[in-house]
Amino acid sequence: MSLNVEILEQSFEKVKPYANEFAASFYDNLFKAHPEVKPLFTKTDMVNQQKKLLNSLVLVVENLRNPETLGPVLNALGGRHVGYGAIPKYYGPVGETLLVTLEQYLQEDWTPEVKKAWRDAYRAITALMLKGAGEESSPKAVQAEKKLVTLARKLIDAFWIAPTWLVAIVSVVIFTVILLIVDDNSLLAEVLGAADTISLLVALVLFIKEAPDRRKQFHYQAWSTVDAAHNVKVSYARILALQDLNEDGVSLKGLDAPGAELVDINLSHANLSKANLIESDLSNANLSYANLDNANLSQTKLSGANLSYTKLGFARLSQANLNSANLRSANLICADLSHANLSGADLRDASLSGANLEGAYLTGANLKNAKVSDYELSSAFTEGAIMPDGSKYKSSVTDR
């Protein structure tokens, strides 16, 4: 920022004869307009503080023409103010008070040009001091934060690793110590002193401690349900078990459920890569964002299913029923879609490069912006389909 050094120097010369009064007025104005900053000076010798203010102003004005000297000085000054408790939000009130006090002493010499010169100067000074404050405080704050995070992680790791009996003993000791050190008349003392309160708190800690074991047991039971339904066409328990496992983020990779009825199942974002779902019924299922790479979905019913953004690379979908399915932005690279029914399917922005579309029914499908070549589409039935370029396909009488 370009400062009007000449105006700053001239106006400050007019204040110098009243330097001590000016400094005292500055702090009077500051405490009246912003009493929230007064606690910062409770243990401060104000006479000495006023001298420091004057020295700082003199230092700044006399070095306006030497920015290479002034910059480091203001950086250091900002760093020291961190120790005094000065935080960025206090710089605004100080600047406002400085302008008010200058106007008070310059009176008719306080012109718009002088006001602008001092406002610009204070902004430049503040920027340099805040830079110094940041350099002073940030490393310490970051270091302290890292230590707290490290300590918290160690405590959490110790909690999960420690045997249950040890956690129980430590919990009892901690709650007992808290009960002994808190004020007898406090609400916390009343709560902890109530009958069986510590026992309940310890039980809660142990309940949390044993949560992973309960989760593992639940997963075991869910997989047992899925395995028990193998070769069973209809099993609502299997549907619920698969949905619960998926919600817990458990991989369903390699799921073997040929011929299963899984209508309306919600397996969004599921990992079903290499799954065997041949001849299964997944009509109206939600498989959006799922991973079905290399899955066997031959002759599977997927009519009305949501397969948007689903990975189906190298998947086997021959003779599958995908009528009116949502395959928008799906990845079908090198998928086998031979003789599949894709009538009315939404294939906008889908990737079909290398896919086998021989005998596939794409009548009425929407292929706008889909990545597929004319050659790959040449072996499919595309009557009434919206082509990748947005045009509607209509065969001539001589076609086929």
Side-chain angles (χ1 to χ4, degrees), residues 1-138 140-141:
M1 180 182 292
S2 178
L3 301 179
N4 196 326
V5 177
E6 188 171 345
I7 286 180
L8 293 169
E9 290 176 339
Q10 291 175 355
S11 57
F12 189 67
E13 283 298 318
K14 295 175 183 178
V15 173
K16 274 186 177 180
Y18 316 99
N20 292 331
E21 296 174 21
F22 177 89
S25 297
F26 170 84
Y27 285 104
D28 287 341
N29 293 334
L30 178 63
F31 296 153
K32 287 178 183 177
H34 301 281
E36 69 273 13
V37 305
K38 195 168 184 179
L40 296 175
F41 301 89
T42 51
K43 298 180 180 180
T44 302
D45 181 347
M46 290 308 298
V47 174
N48 189 39
Q49 183 64 29
Q50 290 167 15
K51 289 180 181 179
K52 287 182 179 180
L53 172 66
L54 291 173
N55 290 338
S56 297
L57 287 172
V58 171
L59 175 67
V60 169
V61 175
E62 290 184 352
N63 285 280
L64 286 171
R65 300 181 188 277
N66 301 299
E68 65 279 358
T69 301
L70 187 60
V73 171
L74 290 174
N75 286 162
L77 187 62
R80 287 201 299 272
H81 273 69
V82 173
Y84 304 152
I87 55 178
K89 73 174 184 178
Y90 293 142
Y91 281 76
V94 170
E96 293 171 8
T97 305
L98 178 62
L99 296 180
V100 167
T101 310
L102 284 166
E103 181 180 7
Q104 181 181 339
Y105 279 81
L106 289 173
Q107 297 183 7
E108 67 271 14
D109 292 324
W110 184 250
T111 64
E113 291 77 16
V114 173
K115 183 177 181 179
K116 182 179 184 304
W118 277 100
R119 181 182 285 114
D120 291 345
Y122 186 74
R123 286 175 179 170
I125 292 167
T126 299
L128 289 168
M129 290 184 67
L130 285 173
K131 180 182 178 183
E135 292 173 350
E136 177 69 20
S137 62
S138 294
K140 291 180 179 179

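We number each residue from 1, following the sequence as shown. Because only heavy atoms are used, hydrogens play no part in the values below, and waters and symmetry mates are left out as well, while side chains stay in. A quick note: this is a predicted structure, and the numbers were derived from the prediction, not measured.
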The residue among K32, K38, Q49, Q50 that forms side-chain hydrogen bond (donor to acceptor under 3.5 Å, both in side chains) with Y27 is Q49
Which heavy-atom pair separates R119 from L99 by the least distance, and what is that distance? N-CD2, 4.0 Å
Distance from F22 atom CZ to Y105 atom OH, nearest 0.5 Å? 8.0 Å
Can you tell me how far NZ of K14 sits from CD of Q107, rounded to the nearest 0.5 angstrom? 11.5 Å
dist T101:OG1 -> D28:CG (nearest 0.5 Å) comes out at 9.0 Å
Taking atom CG of L53 and atom CE of M46, what is their separation to the nearest 0.5 Å? 9.0 Å
When you measure from the side chain of Y122 to the backbone N and O of V94, does any donor-acceptor pair fall under 3.5 Å? no
Close side-chain approach of W110 to W118, heavy-atom, < 4.5 Å: yes
K51: which residues meet the side-chain contact (heavy atoms from CB on, under 4.5 Å) condition with it, sequence neighbours left out? V47
What do the steps show when you test N20 against L54 for side-chain contact (heavy atoms from CB on, under 4.5 Å), and what is the final call? CA-CA 8 Å; N20 292 331; L54 291 173; 3.7 Å; yes
A quick test of your reading: do over 12 heavy atoms of other residues, nucleotides or ligands sit less than 6.0 Å from CZ of F31? yes
Distance check, rounded to the nearest 0.5 Å: L57 atom CG versus L102 atom CG? 8.0 Å
How far apart are the closest heavy atoms of N29 and Q104, and which atoms are they? ND2-OE1, 3.1 Å
For the residue pair N4 and E113, establish whether any side-chain heavy-atom pair is separated by less than 4.5 Å. no
Applying side-chain contact (heavy atoms from CB on, under 4.5 Å), can you list everything that pairs with K116, at least two apart in sequence or on another chain? D120
According to side-chain contact (heavy atoms from CB on, under 4.5 Å), who are the partners of Q10, at least two apart in sequence or on a separate chain? E6
At what distance, to the nearest 0.5 angstrom, does CD of E103 lie from CG of L98? 12.0 Å
Shortest non-hydrogen separation from I7 to A117 and the atoms involved: CG2-CB, 3.8 Å
